[in-house]
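What follows is a set of notes on a single structure, which appears directly below.
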Amino acid sequence: MRLLSWRKANRLTCVKPKCRICYSSTFTFPAISQHQIPSQNFHTPRKELSKLLHKRPPKSQLKQIHAQILIQQHSSTASLVNSLIHCYLHIKEVTSARLLFLQYPLPSPPILIWNVMIRAYCKLQNSSESFSLFRHLLNLDHLTIRVLPDVYTFTFIVTSCAHQRSVVQGRIVHVLVVRSGLESNLFVGNSLINMYAVFKITDDAYKVFDRMSERDVFSWTSLVCGYANNGEMYQACEVFYKMPVRNDVSWAVIVSGFSGNGKYMEVLLCLNEMFCSIEDKVRPNEAVLVCALSACANLGALEQGNWIHTYIKRNGIHESSNISTALIDMYAKCGRIDIARLIFNRIPRPDVHNFTSMISGLSYHGLGEHALTVFNRMLDENVNPNEVTIIGVLNACSHSGLVEEGSSIFNNMENLWGLEPQIEHYGCYVDLLGRAGYLEKALEVVKSMHIKPDIVIWRALLSACRIHRNIFLGNGIIDFIKQLNSDGPSGSEVLLSNLYASLGNWEKVSELRKAMGQRKTQSDIGCSWIEVNGVVHEFRVADKLHPQILEVLDKLNELWIVLS
DNA sequence: ATAGGGTTAG
């Protein structure tokens, strides 16, 4: 019986088909192992099999078609094997595709099949497998089988190089590309620019870009991305504004470049510009909106954040996990933990990121107990925490004095969730112990660390010494730090001078301050922002630049009197 | 006998 005709017949008569090896989305078939080998009359013609494979059937049906091909001894028909490989790759069964590839009939599979296999591993970020295939392909030449890599092969291989940790393989492949004369090809060139962009080698990215005979929006966007990744935002902008055509991704690249380089004001300016731009008929996509919300969060720009939220709602933009995470984070960091909770509570099945931003939000509002409640709900719902979640939870415990809970989470993170404590976790834990007054225990933890303690850890420990006025331990730590970083970051000097100040050793303070002034190590001074009526006001330590600084100081005095 | 495969942001 023909495969397609029974479907029609079946619909009319509602009788189960007699042939059990066929393809239909309306019926499920018994597993292949239960099949008897069907007699010759039930066979599906090759043409039909090929047509069926063309539809990229789901797994169960694909297996049956595959069985039919084997039974009818079509397994050396290249076109059918090709289609099978395509189908297996379509349902992401790379191993089955690889098996077919290995048993490929002819002296070698055609280049197309090599390419789809390499692409599959490239997509899975499994670059070692795609390299292994590529090497085999190059070696065929020695066996006098001439299947040569083409434009497609090189685009996938170069993309695999971009997934590697080092650029070495990429450079070698680049040489092969040049030798094949394909460097100026649009697709190969684009993937080379992207590769150099990933490795932040902007000079080489530009060289490839410059040599290309034809460029499209991908070439330009990848180049901008390279500059942005490398922190060269000036060049990134220059290239961005030279672009003949910009799409939503181009805007996302420049916006996330500003965001990644801490230029939050520029992120919002860019968003505004995007709305005003007439030539690019683009709307902000999810990436742009997420970056903009995170910029608002970092600036404390509640009104702008609110505006973006309204924009999302009015334009029916899907509140994806990324968007809702960014909204929770923004409202929490802008002081509206109530709205953050509302948004969180409306999410039907929150994921790790949603939970994490809610927990961290509650933690910086000092709502440690609530944060732990949310954390427990997360565990109840079988959502596994990640490293960032644990940081939030530990911070929550630290600011609410929940020493026991925090310690138990820190000490069990590895065996419960397979998360190895990182330096940040030690920082939180030391802070937790230190704030609660367990100074000796905190120092013990620092000494037992398998990672070299950084400035954050020492700061946590020293500020604990300051809170609990433990001059003896503080001095000991200062000596220890001096031994460690003779040429440490400028932050440690500020830290030291603050501690000396709190210990009342003013001679040491002025000595340190002088040394710092001479070396001009004032680059990363703390800074605060607040948004009032849509205007962001910025303050630094001892700042006198604000136009209303006198009124601010008056108010501060007033508060000071009330509080003391 | 034929078609079938492509690069960018978070």
Side-chain angles (χ1 to χ4, degrees), chain A residues 46-47 50-51 53-56 77-90 97 109-123 130 133 149-163 177 182-183 185-198 205 208-209 212 214-229 236 239-240 243 245-261 267 270-271 274 282 284-295 320-326 329 353 357:
Chain A
R46 212 175 85 183
K47 229 180 174 177
S50 156
K51 262 191 192 162
L53 286 175
H54 228 83
K55 292 184 187 155
R56 304 282 122 98
T77 310
S79 67
L80 284 179
V81 179
N82 290 353
S83 298
L84 275 175
I85 291 178
H86 272 116
C87 291
Y88 276 117
L89 292 180
H90 188 247
I111 189 64
L112 172 76
I113 296 301
W114 284 92
N115 290 345
V116 291
M117 287 303 303
I118 292 173
R119 182 183 76 123
Y121 286 116
C122 174
K123 281 244 160 100
S130 49
L133 283 170
D150 64 2
V151 171
Y152 289 90
T153 327
F154 280 116
T155 23
F156 304 140
I157 278 296
V158 172
T159 307
S160 280
C161 292
H163 298 152
V177 168
L182 295 173
E183 199 199 25
N185 172 276
L186 182 62
F187 290 101
V188 180
N190 284 353
S191 32
L192 279 169
I193 297 174
N194 170 48
M195 181 193 82
Y196 286 121
V198 166
V208 176
F209 178 86
M212 282 165 75
E214 187 194 349
R215 297 176 195 119
D216 64 1
V217 66
F218 286 94
S219 336
W220 287 90
T221 307
S222 300
L223 187 63
V224 174
C225 180
Y227 287 122
N229 283 346
V239 175
F240 182 77
M243 285 179 75
V245 193
R246 284 175 283 259
N247 63 14
D248 62 324
V249 181
S250 324
W251 282 95
V253 170
I254 197 84
V255 166
S256 78
F258 280 128
S259 173
N261 288 295
V267 169
C270 220
L271 180 74
M274 189 174 179
V282 283
N285 64 13
E286 197 195 87
V288 172
L289 293 169
V290 169
C291 282
L293 284 170
S294 127
S320 65
S321 157
N322 283 337
I323 296 261
S324 49
T325 303
D329 185 55
H353 303 111
S357 62

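Order of the sequence lines fixes the chain letters, A, B, ..., with proteins taken first and strands second; residue numbering starts at 1 for each chain.
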request  = Verify whether one side chain among A:T153 and A:D150 offers a donor that lies under 3.5 Å from an acceptor in the other.
outcome  =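 Checked: A:T153/A:D150 side chains pair up, N/O donor to acceptor below 3.5 Å.
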inquiry  = If only side-chain N and O atoms count, and only distance matters, is there a donor-acceptor pair under 3.5 Å linking A:T325 with A:N322?
reply    =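 Per modelled atom types, A:N322 and A:T325 side chains form no pair under 3.5 Å.
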Anything under 3.5 Å between a protein N or O and an N or O of nucleotides 6-10 of chain B, put it in a table, one pair a line.
from, atom 1, to, atom 2, distance (Å)
B:dG6, OP1, A:R119, NH1, 2.3
B:dT7, O2, A:N190, ND2, 2.6
B:dT8, OP1, A:N194, ND2, 3.4
B:dG10, N2, A:E286, OE1, 2.8

query = Atom CD1 of A:I111 to atom P of B:dG4: distance rounded to whole Å?
reply =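 Value for this atom pair: 17 Å.
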query = Rounded to whole angstroms, how far apart are CG on A:L53 and P on B:dG4?
reply =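 Value for this atom pair: 16 Å.
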request  = Taking the six-membered ring of A:F209 (Phe, Tyr or Trp), confirm whether the NZ or CZ of A:R215 is under 6.0 Å from its centre and within 45° of its axis.
outcome  =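 Yes - A:R215 lies over the ring of A:F209, closer than 6.0 Å to its centre and within 45° of its axis.
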message = A:S191: which residues meet the side chain to side chain contact (heavy atoms under 4.5 Å, CB included) condition with it, sequence neighbours left out?
response =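 Partners of A:S191 by the side chain to side chain contact (heavy atoms under 4.5 Å, CB included) criterion, ordered by chain and then number, come out as A:T155, A:V158, A:T159.
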task = Describe the nucleic acid contact of A:S83 in one word from base, sugar-phosphate, nothing, applying a heavy-atom distance below 4.0 Å.
result =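 Base contact - A:S83 has a heavy atom under 4.0 Å of at least one base atom.
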ask   = A:R246: what forms a salt bridge (charged side-chain N to carboxylate O under 4.0 Å, His left out) with it, not counting sequence neighbours?
value =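 For A:R246 the salt bridge (charged side-chain N to carboxylate O under 4.0 Å, His left out) partners, ignoring immediate neighbours, are A:E279, A:D280.
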